[in-house]
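Quick one: structure below, then a few questions.
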Amino acid sequence: MKPYTWTLLRIFAAASYVLNCHVAATKHTFKTTEDTRHLIGPIGAPFGFLTGGVYNLTIFDFELIVGKASKKKKSTIDGKEALKYVEAGFYLKRFDSESDFSKFYETVMEKPSFCAFEPHRDKNYVHPSNTRTEDDDVLEEDDKFQVVFDENEEDNLLSEDIGNNGIYISMNNPEKTWKPNTPTITHSFTTPTDEGLYFLLFQLCPRGNDGNVIELKIRSSFELDLHFKNYDLYGNPSYLTAGEMKLPLMYTYFSISYALCFILWAFNIRNIRLGREPIWSQRDGGNTSSKPSVHAIHHLMTVLLGLKALTVFFEAARYHFIKTNGHAEFLSAVYFTMSFIKGTFMFTVILLIGSGWSLVKPFLNAKEKRIIWAVLVLQIIDNIAVVVLSQETEGERLYEDWSALLHFVDILCCCAVLIPIVWQINSFETTIEAETERTEQSNQQSTSNAISDVESEAPATAEAAKTLQKLKQFRSFYLLVLVYIYFTRIAVYLFATCLGYRQTWLRYFVTELGTLVFYAVVGFLFRPVSDNPYLKVDRDAGADVEIEFA
């Protein structure tokens with residue numbers, strides 16, 4: 001086996017190890033140490049609360065550190081002195097959509113004096129059932145600490161209008177809220193007017209217009225236990241946000257849809273190989289006597305459909321257990337492993353189709369092979385980033401870094417899969433131009449009308465007709481891949497930012513629906529049809545073209 005193949009296998013094994021190690025538990029905590037941000041949010045994913053929903057927040061090891069904006073000098077100022085300049089607090093605030101929160105976030109970042117919890121300033125709201133006062137290790141797994149939801153909470157410590165004023169817990173009383181104390185706040189949403197999409201924030205609000213906040217470089221350290229839950233129509237607890245409670249059933253339907261596509265595709269290929277009538281009996285040029293050709297790429301497409309059906313099924317099961325139990329360690333491990341294999345396989349199949357492997361030629365040139373290996377490595381990095389993100393809580397600094405890496409690698413993969421398609425289209429165009437020139441020279445004395453547009457007039461030979469047909473096919477495939485990338489990477493994201501708290505499931509529905517349509521159209525476009533096994537390929541174009549695909 002070649003050295004780069006061994007290298008890829010080692011990377012694949014390492015990625016599999018990471019997948020199985022990092023999904024051992026679902027994280028319900030948020031931790032930051034010496035964070036210089038004056039606004040941290042959203043902390044955790046936004047959560048849509050319904051009537052009867054419960055919000056619980058427990059804070060560990062909270063402290064503020066004051067230091068001059070100098071790297072050489074360490075601060076000797078007591079952290080409690082920071083309260084002379086700022087007010088600190090956690091605030092659960094309702095927004096209509098993610099786009100509204102983005103506007104609010106930009107406003108606060110541009111104007112640090114703007115305070116999110118303005119209606120609650122100078123009020124020290126602390127939950128009365130603060131019975132745990134011992135300190136815990138900041139590295140300790142706080143999920144072992146059992147949080148009991150207080151359904152009979154004293155609402156006099158909270159604003160009466162939760163929907164508009166939010167839920168606030170002040171950190172301005174160090175004797176009660178800073179470490180070693182562990183303040184907690186619990187609230188039940190009892191009225192329909194309080195329902196909505198809530199974002200948890202932490203902010204340091206300056207007192208007055210004091211400009212020393214930036215200069216003092218106040219840093220925050222704390223760890224949170226987050227427990228949010230709703231109740232479904234049958235009164236069963238659900239740990240999914242209001243907009244995601246439909247996801248288990250939705251993914252179940254899509255897994256069935258992909259399974260049906262897999263059965264139809266596999267049954268059609270089996271009929272062709274056994275000499276029976278295929279499901280799609282269309283033949284090129286209306287010739288019904290010739291047998292459709294099944295190529296190696298068709299078998300890879302069968303495997304891809306099977307992987308996709310299994311992946312979506314495990315995702316449905318994963319969301320179901322998260323909904324009922326709040327976590328799904330084993331199913332998360334299975335799902336991320338399947339998603340990793342499926343994602344890598346999907347990009348590989350798209351690359352092979354775009355390069356024309358087994359459809360047009362039985363080999364890959366050196367450039368195409370390098371592109372495939374590069375995309376495989378990028379997919380490994382991409383899926384490792386997905387797993388790391390699943391273990392980090394939104395709002396943590398690592399989450400932002402890995403999220404940026406994920407999007408960057410994903411864009412690189414999307415651009416890379418288009419390159420072989422462009423190469424193949426250019427190859428077809430060059431072949432047609434050469435055939436046109438030969439036709440013009442042979443017919444120069446017998447006709448006065450030269451071929452000016454190869455796509456507007458019928459080619460003179462059967463070989464040119466097949467090449468033109470393949471050219472149109474690969475141009476359609478190029479546009480299809482381009483639309484799919486734009487739809488799933490850009491359009492769906494913009495669409496999601498405008499959804500309300502009950503409609504967030506539509507983001508996943510639209511993504512899966514677009515993917516299902518993409519699979520169906522690609523399958524129909526490259527279904528087994530009657531044709532010569534290979535078109536004529538110029539093997540004198542270069543020495544690297546002779547490399548076969550092992």
Side-chain angles (χ1 to χ4, degrees), residues 26-33 35 40-47 49 52-64 79-80 83 87-94 116-117 120-121 123-160 162 165-190 194 198-204 220-231 237 239 241 326-327 393-396:
T26 303
K27 187 173 182 180
H28 296 287
T29 63
F30 176 95
K31 184 176 70 176
T32 186
T33 304
D35 200 319
I40 303 176
I43 299 176
F47 198 88
F49 285 100
V54 178
Y55 159 72
N56 177 273
L57 172 66
T58 305
I59 305 165
F60 302 91
D61 299 323
F62 182 88
E63 65 175 343
L64 297 179
K80 298 177 183 179
L83 296 179
E87 293 180 51
F90 294 90
Y91 189 40
L92 188 72
K93 183 175 176 59
R94 185 173 68 177
F117 49 84
H120 305 279
R121 299 192 72 167
K123 297 177 183 178
N124 295 325
Y125 294 152
V126 182
H127 198 279
S129 59
N130 184 20
T131 57
R132 184 182 179 188
T133 58
E134 71 274 12
D135 188 20
D136 71 321
D137 187 358
V138 73
L139 297 179
E140 180 182 339
E141 182 57 58
D142 286 321
D143 283 342
K144 297 177 182 177
F145 172 60
Q146 181 67 32
V147 176
V148 179
F149 290 103
D150 184 6
E151 302 292 348
N152 299 317
E153 165 192 2
E154 297 182 13
D155 289 334
N156 58 338
L157 293 178
L158 300 171
S159 170
E160 295 180 357
I162 297 297
N165 295 331
I167 301 175
Y168 172 66
I169 179 169
S170 171
M171 305 305 294
N172 298 320
N173 192 340
E175 288 73 21
K176 292 184 178 181
T177 59
W178 289 30
K179 70 175 185 179
N181 301 295
T182 58
T184 181
I185 186 168
T186 303
H187 176 72
S188 297
F189 293 80
T190 56
D194 292 340
Y198 285 83
F199 293 72
L200 180 60
L201 311 169
F202 171 77
Q203 187 176 5
L204 298 174
S220 310
S221 297
F222 55 85
E223 186 174 358
L224 307 178
D225 268 333
L226 311 172
H227 296 262
F228 307 152
K229 69 175 178 179
N230 282 311
Y231 289 90
Y239 292 92
T241 178
H327 56 84
T393 304
E394 188 170 348
E396 292 182 341

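Keep in mind that the numbers below use all heavy atoms, side chains included, and drop hydrogens, waters and symmetry copies.
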Look at the aromatic rings of Phe49 and Phe47 and report parallel, tilted or perpendicular, splitting at 30° and 60°.
-> tilted

Test ring pair (Phe, Tyr, Trp, His ring centres under 6.0 Å) applied to Phe90 - qualifying residues, sequence neighbours left out | Phe202, Phe222

Flag side-chain contact, heavy atom, 4.5 Å: Phe189 against Asn230 = no

Any idea which heavy atoms bring Ala116 and Gln203 closest together, and the distance?
-> N-OE1, 2.8 Å

Rounded to the nearest 0.5 angstrom, the OH-CD1 distance for Tyr55 and Ile185 is 6.0 Å

Residue pair Lys179 / Asp61: nearest heavy atoms and the distance that separates them | CB-CA, 3.5 Å

Interatomic spacing from CG in Leu83 to CH2 in Trp178 - rounded to 0.5 Å | 4.5 Å

Nearest heavy-atom contact between Asp194 and Arg94 is C-NH1, 3.7 Å

Output the distance between atom CG (Leu200) and atom NZ (Lys93), rounded to the nearest 0.5 Å.
-> 13.0 Å

State, to 0.1 Å, how close Val54 and Ser188 come at their nearest heavy-atom pair, and which atoms those are.
-> CG2-OG, 4.0 Å

Do side-chain atoms of Asn181 reach the backbone of Glu175 as a donor and acceptor pair under 3.5 angstrom?
-> yes

From Ile167 CD1 over to Tyr198 OH, what is the distance, rounded to the nearest 0.5 angstrom?
-> 6.5 Å

In Å, rounded to the nearest 0.5 Å, how long is the span from CZ of Phe30 to OG1 of Thr32?
-> 5.5 Å

Asn56 side, atom CG; Thr184 side, atom OG1 - distance, nearest 0.5 Å = 4.5 Å

Minimal non-hydrogen separation, Leu201 against Ile43, with atom names = C-CD1, 4.2 Å

Kindly determine whether Leu57 and Leu226 satisfy side-chain contact (heavy atoms from CB on, under 4.5 Å), including the steps that lead there.
-> CA-CA 5 Å; Leu57 172 66; Leu226 311 172; 3.5 Å; yes

Kindly give the heavy-atom pair with the smallest separation between Thr177 and Met171, and that separation in Å.
-> O-CE, 3.3 Å

